[in-house]
Amino acid sequence: MGRVSGKVAIVTGAARGLGAADARLLAKEGASVILTDISPGVMETAAGIEGAIGVVQDVSSPEGWAEVIALAETRFGRLDVLVNNAGIVDFTTIEESTLENFRRVYAISAEGTFLGCQAAIPLMRKSGGGSIINMSSVAALNAYPIVCSYAAAKGAVRSMSRNIAVYCQEQGYNIRVNAILPGIIASDMTAAAAEEVKRRGLEVPAADPAKAPKVGQPEDIANLVLYLASDESRMVNAAELVIDDAVTAK
């Protein structure tokens with residue numbers, strides 16, 4: 001208990017799934033947590049976490065980010081942890097996708113992460129430093145044609161994380177930036193992916209829980225988020241941490 005006591009954290013996409021699990025564990029370990037999501041359901045999730053605050057936010061909006069960061073500063077006076085978890089998936093190949101769909105996926109997963117990092121850095125600097133944790137995906141490593149737009153967005157998150165980490169280090173900001181690349185984790189998104197794979201009659205072991213060596217739980221990601229948020233990981237920076245039970249290693 002208390003591994004992040006005194007820290008203030010923002011977790012996006014926190015109405016359910018991975019984001020909700022991240023927020024619950026950070027709060028359990030002593031952090032003051034602001035949960036955000038475009039879904040109003042985030043208010044109910046936050047209400048179930050002692051001391052947490054829920055905010056309805058569109059992560060693709062710069063104005064929305066300004067409001068969330070201002071809330072953190074007004075309410076807590078600091079910001080130590082940002083978990084850019086919000087994202088959506090579009091089950092289309094390069095030939096099936098439309099530019100509109102591509103831009104929608106990219107705006108939330110990639111641009112939302114960009115805006116979050118950009119908005120959080122000034123307050124983290126004032127707070128003496130911090131940890132930014134960006135949620136990428138194994139789709140940024142291996143080719144999964146039915147999620148072309150999603151893979152592109154998560155690839156951008158992966159590359160952006162390294163870039164921002166080095167920038168912050170060069171500027172002496174004491175802000176670490178790392179990317180997590182989950183594989184099969186039990187969630188609504190994973191269930192939808194499995195159904196789409198089955199519907200199309202495709203062979204995509206890494207996207208099919210029935211063929212994956214092991215299906216992870218949201219808590220498996222939350223445990224890594226907690227570690228990266230804590231001072232235990234003070235030497236971990238610009239890392240890409242894959243959690244997929246070795247699926248992408250084969």
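Worth saying up front: this structure is predicted, and the values here are computed from it rather than measured. For reference, positions follow the sequence shown, starting with 1.
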Lys/Arg N to Asp/Glu carboxylate O, E29 vs K7, below 4.0 Å: no
Close side-chain approach of K28 and I49, heavy atoms under 4.5 Å: no
Side chain to side chain, V236 and L228, heavy atoms closer than 4.5 Å: yes
Shortest non-hydrogen contact from A46 to A52? O-CB, 3.7 Å
Between V242 and V138, is the side-chain contact (heavy atoms from CB on, under 4.5 Å) condition met? List the steps. CA-CA 7 Å; V242 179; V138 293; 4.0 Å; yes
Would you indicate whether R3, at its atom CZ, is surrounded by more than 12 heavy atoms from other residues, nucleotides or ligands within a distance under 6.0 Å? yes
Using the side-chain contact (heavy atoms from CB on, under 4.5 Å) rule, take F76 and I34 through it: C-alpha gap first, then chi angles, then the decisive distance, then the call. CA-CA 10 Å; F76 302 108; I34 298 174; 4.0 Å; yes
Step by step, would you call V59 with Q57 a side-chain contact (heavy atoms from CB on, under 4.5 Å)? CA-CA 6 Å; V59 295; Q57 178 201 14; 3.8 Å; yes
Heavy-atom pair with the smallest gap, counting every atom of A20 and T45: CB-CG2, 4.0 Å
Before you tell me yes or no, could you show the steps for M124 and L82 under side-chain contact (heavy atoms from CB on, under 4.5 Å), namely the whole-Å CA-CA distance, both residues' side-chain angles and the distance that decides it to 0.1 Å? CA-CA 9 Å; M124 281 191 172; L82 169 63; 3.9 Å; yes
Shared ILVMFWY cluster between Y150 and M135, side chains joined below 4.5 angstrom? no
Over all atoms of both residues, closest heavy-atom pair of A15 and G41: CB-C, 4.1 Å
Is any side-chain heavy atom of V55 closer than 4.5 Å to a side-chain heavy atom of L71? yes
Could you check whether R176 and S233, counting side-chain N and O atoms only, form a donor-acceptor pair closer than 3.5 Å? yes
Would you say that V56 contacts V42 through its side chain, given a criterion of any heavy-atom pair below 4.5 Å between the two side chains? yes
So, E63 and S61: side-chain donor and acceptor under 3.5 Å apart, yes or no? yes
Is there a donor-acceptor pair closer than 3.5 Å between any side-chain N or O of S230 and the backbone N or O of Y227? yes
Between D37 and S39, is there a side-chain donor-acceptor contact under 3.5 Å, judged purely by atom types and distance? no
Roughly how far apart are N134 CG and S159 OG, rounded to 0.5 Å? 11.5 Å
State yes or no: do I132 and I243 share one hydrophobic cluster built from I, L, V, M, F, W and Y residues joined by side-chain heavy-atom distances below 4.5 Å, directly or via other members? no
How many angstroms lie between atom OG of S136 and atom CD1 of I180, to the nearest 0.5 angstrom? 10.0 Å
Distance check, rounded to the nearest 0.5 Å: N142 atom CG versus K250 atom NZ? 12.5 Å
Is a side-chain donor or acceptor of S127 paired with a backbone partner of G129 at a separation under 3.5 angstrom? no
Do V4 and L226 touch side chain to side chain, with heavy atoms closer than 4.5 Å? yes
Count I, L, V, M, F, W, Y as connected when their side-chain heavy atoms are under 4.5 Å apart, and connections chain through other members. Are I133 and L18 then in the same cluster? yes
Would you call E73 and K126 a salt bridge, using N to O less than 4.0 angstrom? yes
Can you check whether I38's main-chain N or O pairs, donor with acceptor, with D58's side chain at less than 3.5 Å? no
Taking T98 for the side chain and N101 for the main chain, is one N or O donor matched with an acceptor at less than 3.5 Å? yes
Contact summary for P218 and G17, nearest pair of heavy atoms: CB-O, 4.1 Å
Would you say V83 and I10 make side-chain contact, with heavy atoms under 4.5 Å? no
Q171 atom CD, over 12 foreign heavy atoms within 6.0 Å: yes
Side chains of D244 and T248: donor-acceptor distance under 3.5 Å anywhere? yes
Rounded to the nearest 0.5 Å, what separates atom CG in D90 from atom CD in E96? 9.0 Å
Would you find a donor on one side and an acceptor on the other, under 3.5 Å apart, between the side chain of D220 and the backbone of G216? no
Would you check if I53 and L35 make a side-chain contact, meaning some heavy-atom pair closer than 4.5 Å? no
Is there a path of hydrophobic side-chain contacts, each under 4.5 Å between heavy atoms of I/L/V/M/F/W/Y residues, joining V247 to I185? no
Tell me whether the count of non-hydrogen atoms from other residues, nucleotides or ligands lying under 6.0 Å of CZ in F114 goes above 12. no
Quick one: do D22 and R24 satisfy salt bridge (Lys or Arg N to Asp or Glu O under 4.0 Å)? Show the steps, please. CA-CA 6 Å; D22 296 343; R24 290 190 186 100; over 6 Å; no
More than 12 heavy atoms of other residues, nucleotides or ligands under 6.0 Å from CD of Q169: yes or no? no
R162 and E240: salt bridge (Lys or Arg N to Asp or Glu O under 4.0 Å), yes or no, with the steps? CA-CA 8 Å; R162 294 197 307 271; E240 300 172 359; 2.3 Å; yes
Hey, does the side chain of N85 reach the backbone of V11 with a donor-acceptor pair shorter than 3.5 angstrom? no
Mind checking the CG-CZ spacing from L181 to R158? Nearest 0.5 Å is all I need. 6.5 Å
Taking all atoms of both residues into account, what is the closest heavy-atom pair of A153 and A110, and its distance? O-CB, 3.9 Å
Mind checking whether I164 and I121 have side chains closer than 4.5 Å, heavy atoms only? yes
Under a single-linkage definition using a 4.5 Å side-chain heavy-atom cutoff for Ile, Leu, Val, Met, Phe, Trp and Tyr, are L79 and V81 assigned to the same hydrophobic cluster? no
Report the distance from atom OG of S97 to atom CZ of R103, rounding to the nearest 0.5 Å. 11.0 Å
Under 3.5 Å: donor-acceptor pair, side chain of T12, backbone of A86: yes
